Structures are given as C-alpha cells and as structure tokens.
Protein chains: 2
Amino acid sequence: MTTDISAEEKIKEAARKLFTQKGYAAVKTRDIATEAGINLALLNYYFRSKEKLFEMIMVENIQNFIKGIFGILNKEDTSIETKFEELTSTYIDMLAEQPNLPSFIFNVVREKPDLLLEKLEANSIITNSYFLKQFKAAMEKGEINSSISPIHLLLNFVGLTVFPFIGKPIIQARSGLDQKQFLALMEERKKLIPMWIKTMLKPTN
Amino acid sequence: MTTDISAEEKIKEAARKLFTQKGYAAVKTRDIATEAGINLALLNYYFRSKEKLFEMIMVENIQNFIKGIFGILNKEDTSIETKFEELTSTYIDMLAEQPNLPSFIFNVVREKPDLLLEKLEANSIITNSYFLKQFKAAMEKGEINSSISPIHLLLNFVGLTVFPFIGKPIIQARSGLDQKQFLALMEERKKLIPMWIKTMLKPTN
DNA sequence: AACTATATTAATCAAATGATTAAATTGTTT
DNA sequence: AAACAATTTAATCATTTGATTAATATAGTT
C-alpha cells in the first residue's frame with residue numbers, strides 16, 4: 001500500500017523527475033500532470049506557474065548538490081588527504097542515487113544562464129572554507145606541489161568525480177556496462193580518486 | 001564588407017549557434033529565423049523541418065567532436081605518452097574554439113536519448129584503435145599500472161580535459177576569471193594533464 | 001522580351017502549450 | 001445538517017509554435 005501522497009507532493013515529485021531529466025523547455029506542463037496523475041489545473045493551483053515550480057526544483061537540486069560539502073571542508077581536525085577521501089565518497093554515493101543532478105545543473109546554465117548564477121551567489125562555500133586556509137598553509141610549507149594551483153585541483157577533483165555521471169548514458173551505451181557494473185566502477189573510484197589527487201599534490205623535488 | 005552568404009548558410013549558422021548553446025526544445029524556429037535575419041518560411045523551404053535541421057547540426061557537431069582523435073589513436077610510431085600529449089593538445093585547442101560542444105553533446109542524450117545513440121553507432125574509434133592494442137600490450141609487459149583499467153583511464157582523460165569546459169560558465173562566474181585567464185588555465189593543462197595521466201599509469205612497485 | 005526555375009515574402013493554419021475560469025466535489029467547522 | 005473553505009475537475013482562453021500556402025520577386029535560359 002503506497003502511502004497516500006498529497007496532490008501537491010505528487011506534482012513536485014513528477015516535476016523533479018522530469019525537469020532533472022530533461023531540463024526546462026523540453027518538459028511540458030501536461031507531461032508533469034500526466035506523470036503525477038493529476039489534473040493540469042492543479043499545477044497552477046499549487047505552484048502558480050511552470051516557471052515557479054521549476055525554480056523551486058532547481059534550488060532544491062542545487063542544495064542537494066552542494067550540501068554535504070560544507071561540513072567536510074570545514075572540519076579542523078582532518079588532513080587534506082582525508083578531506084578528499086570523504087568528499088569523494090560522499091559525492092559518489094550522492095551521485096549514485098541522483099545521477100543526473102550534474103547534467104541538470106550544468107544545463108540550467110545553458111537554458112537560463114541568469115537564473116542559476118543568481119541563486120548561486122550565496123555559495124561561497126569553498127572560498128570561505130577552512131580547507132582553503134589549510135591548503136594555502138601546506139603550500140607555503142612546501143608540503144604541496146606548488147605547480148598545481150587550487151583551481152586546477154578543484155577542476156581535477158570535480159572532473160574526476162562528477163564527469164563519469166555526466167557521461168554515463170554515452171559510456172553505458174558504448175561500453176555495454178549495465179547499471180550494476182557502472183556502480184561497481186564508481187565504487188572503485190572512491191579509492192582511486194583520492195589516490196590520484198594525492199600523487200598530484202606530491203611535491204616534485 | 002561581409003562576404004555575401006546565402007540564406008541557406010545563414011540559417012544553418014544561426015541554427016548551429018543556438019542549438020549548440022541551448023539545445024533543441026529551448027530554441028524556437030522563430031529564434032533561428034531572427035538570428036539569421038531571414039523569413040521564417042525559408043527554414044522549412046531549405047530544411048523541411050526543425051527536427052531535420054537539428055539532426056544535421058547534431059551530426060556535424062558530433063563529427064567535430066570526434067574528428068582528430070582517429071588519426072592520433074592510430075599512429076603506429078608514437079608512444080602511449082605521446083598520444084596523450086597530442087590528444088590533450090588537440091582537444092583543448094578544439095574546445096577553446098567551440099567550448100559548448102561537450103555540453104551540447106551530453107545534452108542531446110538528455111533531450112533525445114535515442115537520436116544521439118543511434119548516430120553514435122558508427123563510432124568504434126576507440127575500441128578498434130591501434131592505441132588499445134598498444135595499451136594492452138604495455139599492460140601485459142608490466143609497463144603500466146595494472147590496477148587502473150582502460151575505462152578508468154578514459155574517464156580520467158576525458159574528465160580532466162573536457163569537464164572544465166562543461167563547467168566553464170559556473171567556474172567563471174564563481175572565480176571571476178575572464179575569458180583570457182580561463183584560456184590561459186586551459187593552456188597550462190595541455191602540459192599538466194599528460195603529466196598526471198603519466199603518473200597514473202606508472203606501475204606501483 | 002518571354003519563359004522558367006529558384007528564392008523570398010506576408011499571411012495564415014492547426015496543433016501545442018501555459019494558464020484561467022466556473023462549476024463540482026470533498027473536507028472541516030459550527 | 002448547514003455553512004464555509006479547500007481541493008479537484010472539465011472546459012476554455014490566449015499565445016506560442018512549427019509548418020504551409022499562395023503570391024511576389026529574382027535570377028537564369030532561350
């Protein structure tokens with residue numbers, strides 16, 4: 001017996017699924033209504049407009065995407081390496097459950113550039129983090145390869161972690177990996193990525 | 001004096017620009033007509049339908065994305081390391097000129113999953129390449145770290161190279177890098193990425 | 001010039017789409 | 001039960017959107 005969900009919830013979940021999968025323009029209000037199994041008018045009754053509904057989903061998706069980072073980046077008693085291990089593990093678990101979050105987010109920038117960037121303002125998570133202080137300190141002490149700037153490191157970490165999920169549909173189609181095998185690969189990467197990052201950070205002497 | 005371009009060309013270029021930027025559903029035929037400065041009916045006169053026009057652009061975009069790989073992967077007289085250097089350089093140059101090709105391609109899979117994957121069938125570039133033979137041979141000889149499978153390597157290479165361009169709008173907005181600075185960073189990566197790949201490949205003894 | 005094929009335009013169509021309305025149903029309070 | 005508010009529905013609107021048409025203009029051919 002499926003728990004009795006309110007119409008409002010049904011709409012929101014249908015909208016989340018479709019918007020996250022296909023973006024804004026490709027999803028029609030009638031698609032959402034059908035997916036939710038409700039009358040089209042209820043969408044406007046509860047959420048005023050398609051636009052408003054989308055923004056709501058978008059904000060939640062962004063929060064899902066960046067929550068979990070904050071705590072890790074600001075721990076004062078873990079090493080840089082440990083932080084990368086925790087970040088990788090947290091991210092891969094999250095992406096395994098919501099594999100098209102990254103595509104969604106990068107796509108909002110394409111479809112509605114202003115909208116996302118404006119909502120993203122509040123996000124100074126990284127620049128204000130304890131992690132960054134820690135990183136700079138290690139760099140001054142010469143414990144870190146100074147030829148790799150923090151921005152390269154960030155690009156690398158996010159690229160290594162997030163990219164496989166963006167490319168997932170193509171990868172699976174081309175390689176023939178099924179869902180299980182794909183997840184097993186990602187599980188492997190939980191150990192591999194921090195290792196790779198570690199070697200990148202190692203000072204060249 | 002702008003060279004006199006035919007209406008057909010104007011439409012195609014406008015379509016390429018807009019579709020590549022925003023995907024299929026978000027672009028309206030009238031947007032294309034306006035961008036091209038032509039009468040709406042000409043779009044259908046020359047290209048039958050929005051769908052046909054889109055497919056044409058898509059195929060060309062995919063070809064742009066994968067051309068250039070083939071030659072490099074099948075050279076019989078270059079080392080694995082050299083191949084990665086050439087791939088990185090070729091790719092970053094190409095992406096610098098067409099930064100939203102990756103977003104476009106990954107997005108087609110979202111909007112029209114069947115369409116892209118069907119067109120992608122012909123693409124067995126990697127699996128049939130001389131590179132793969134070379135790679136497997138090196139692995140058997142123990143010249144390569146056997147804990148990293150070719151698929152991880154591919155994910156890493158593409159992730160490190162392509163991801164920054166997918167994330168470009170967000171990265172620029174958050175970091176304040178201008179176009180010039182961003183390109184300088186990517187230029188740096190031409191040397192860095194092959195180096196990182198190299199250390200990933202190094203056997204752990 | 002007369003003819004023909006091609007290119008271009010303005011006007012219009014039909015379907016799709018986001019949104020609203022008024023009526024009907026259900027739920028809650030008195 | 002009566003009265004009221006909240007929810008849901010079917011019908012409808014006004015725009016948007018992809019596409020077509022018929023008329024006109026342009027260029028090329030005889």
Side-chain angles (χ1 to χ4, degrees), chain A residues 1-59 104 107-108 110-116, chain B residues 1-61 104 107-108 110-116:
Chain A
M1 45 172 179
T2 48
T3 320
D4 195 38
I5 305 172
S6 73
E8 191 174 353
E9 272 303 307
K10 280 193 230 162
I11 296 167
K12 205 167 160 187
E13 285 321 303
R16 186 193 317 284
K17 177 181 167 186
L18 294 177
F19 281 145
T20 308
Q21 208 166 80
K22 293 164 176 281
Y24 180 78
V27 174
K28 311 304 171 187
T29 53
R30 280 167 180 78
D31 301 339
I32 300 175
T34 305
E35 173 79 27
I38 52 94
N39 187 291
L40 174 60
L42 284 182
L43 190 154
N44 298 81
Y45 177 74
Y46 283 114
F47 301 95
R48 299 292 302 173
S49 71
K50 182 192 176 187
E51 191 87 29
K52 290 245 171 50
L53 179 53
F54 179 79
E55 283 196 31
M56 183 174 285
I57 301 296
M58 187 192 71
V59 170
F104 170 84
N107 211 59
V108 178
R110 283 159 45 87
E111 271 196 314
K112 309 164 92 61
D114 314 320
L115 186 57
L116 177 66
Chain B
M1 43 178 180
T2 47
T3 321
D4 194 39
I5 306 172
S6 72
E8 191 174 353
E9 273 302 307
K10 280 192 229 162
I11 295 167
K12 206 169 161 186
E13 285 320 303
R16 186 192 317 285
K17 177 181 167 185
L18 294 177
F19 281 144
T20 307
Q21 207 167 81
K22 294 165 176 277
Y24 180 77
V27 174
K28 311 304 173 186
T29 53
R30 280 166 180 79
D31 300 339
I32 300 175
T34 305
E35 173 78 26
I38 51 94
N39 186 292
L40 173 60
L42 284 182
L43 190 153
N44 298 85
Y45 178 73
Y46 284 115
F47 301 94
R48 301 292 302 173
S49 71
K50 181 191 177 187
E51 191 88 27
K52 290 246 173 46
L53 179 54
F54 180 79
E55 283 196 33
M56 183 173 285
I57 301 296
M58 188 194 70
V59 170
E60 290 188 14
N61 275 353
F104 170 84
N107 211 59
V108 178
R110 284 159 44 89
E111 272 196 312
K112 307 165 93 62
D114 315 319
L115 186 58
L116 177 66

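A, B, ... follow the sequence lines: proteins, then strands. Residue 1 opens every chain. Computation of the quantities below employed the complete heavy-atom set of this structure, encompassing side-chain atoms and omitting hydrogens, waters and symmetry-equivalent molecules. Since this is a predicted model, take the numbers as computed values, not measurements.
- In this structure, B:Tyr45 reaches the bases: a heavy-atom distance under 4.0 Å links it to at least one base atom across the strands shown.
- Screening residues 9-49 of chain A for ring pair (Phe, Tyr, Trp, His ring centres under 6.0 Å) gives A:Phe19-A:Phe54, A:Tyr24-A:Phe54 as the qualifying pairs, with residues at least two apart or on separate chains.
- D:dG18 atom P lies 15 Å from atom NZ of B:Lys52, rounded to whole Å.
- We find that CG of B:Leu42 is positioned 18 Å from P of D:dT24, with the value rounded to whole Å.
- Counting heavy atoms from C-beta outward, B:Asn61 and B:Val108 have side chains that stay 4.5 Å or more apart.
- Put simply, CG on A:Leu18 is 16 Å from C1' on C:dT17, counting in whole angstrom units.
- Spacing between atom CG of A:Asn39 and atom P of C:dT25 amounts to 14 Å, rounded to whole angstrom units.
- With C:dT9, C:dT8, D:dA19 as the candidates, the nucleotide lying closest to the side chain of B:Asn44 is D:dA19.
- OP1 or OP2 of D:dG18 lies within a sub-4.0 Å distance of a side-chain N or O belonging to B:Thr29.
- Electrostatic pairing of B:Glu55 and B:Lys52 does not count as a salt bridge here, judged by no charged N lying under 4.0 Å from a carboxylate O.
- Contact annotation for A:Leu40: base contact, defined as any heavy-atom pair under 4.0 Å involving a base atom.
- Listed candidates were C:dT8, D:dA10, C:dG18. Nearest to the side chain of B:Tyr46 is C:dT8.
- The distance from atom NZ of B:Lys50 to atom C1' of C:dA15 is 14 Å, rounded to the nearest whole Å.
- Using a 4.0 Å cut-off between a side-chain N of Lys or Arg and a carboxylate O of Asp or Glu, A:Lys112 and A:Glu51 qualify as a salt bridge.
- In this structure, A:Lys10 atom NZ and D:dT7 atom C1' are separated by 12 Å, rounded to whole Å.
- The salt bridge (charged side-chain N to carboxylate O under 4.0 Å, His left out) search around A:Lys17 returns A:Glu35, not counting sequence neighbours.
- What separates CG of B:Leu43 from P of C:dA10 is a distance of 16 Å, to the nearest Å.
- The interatomic distance linking B:Leu53 (CG) with D:dT17 (C1') rounds to 15 Å, in whole Å.
- The side chain of B:Arg30 lies closest to D:dT17 when the candidates are D:dT8, D:dT17, C:dT21.
- Among the atoms of the strands shown, none is found under 4.0 Å from any heavy atom of A:Phe47.
- Closest to the side chain of A:Ala41, from the set D:dA19, C:dT9, C:dT20, is C:dT20.
- Closest to the A:Lys28 side chain, of the nucleotides D:dT9, C:dT9, C:dG18, is C:dG18.
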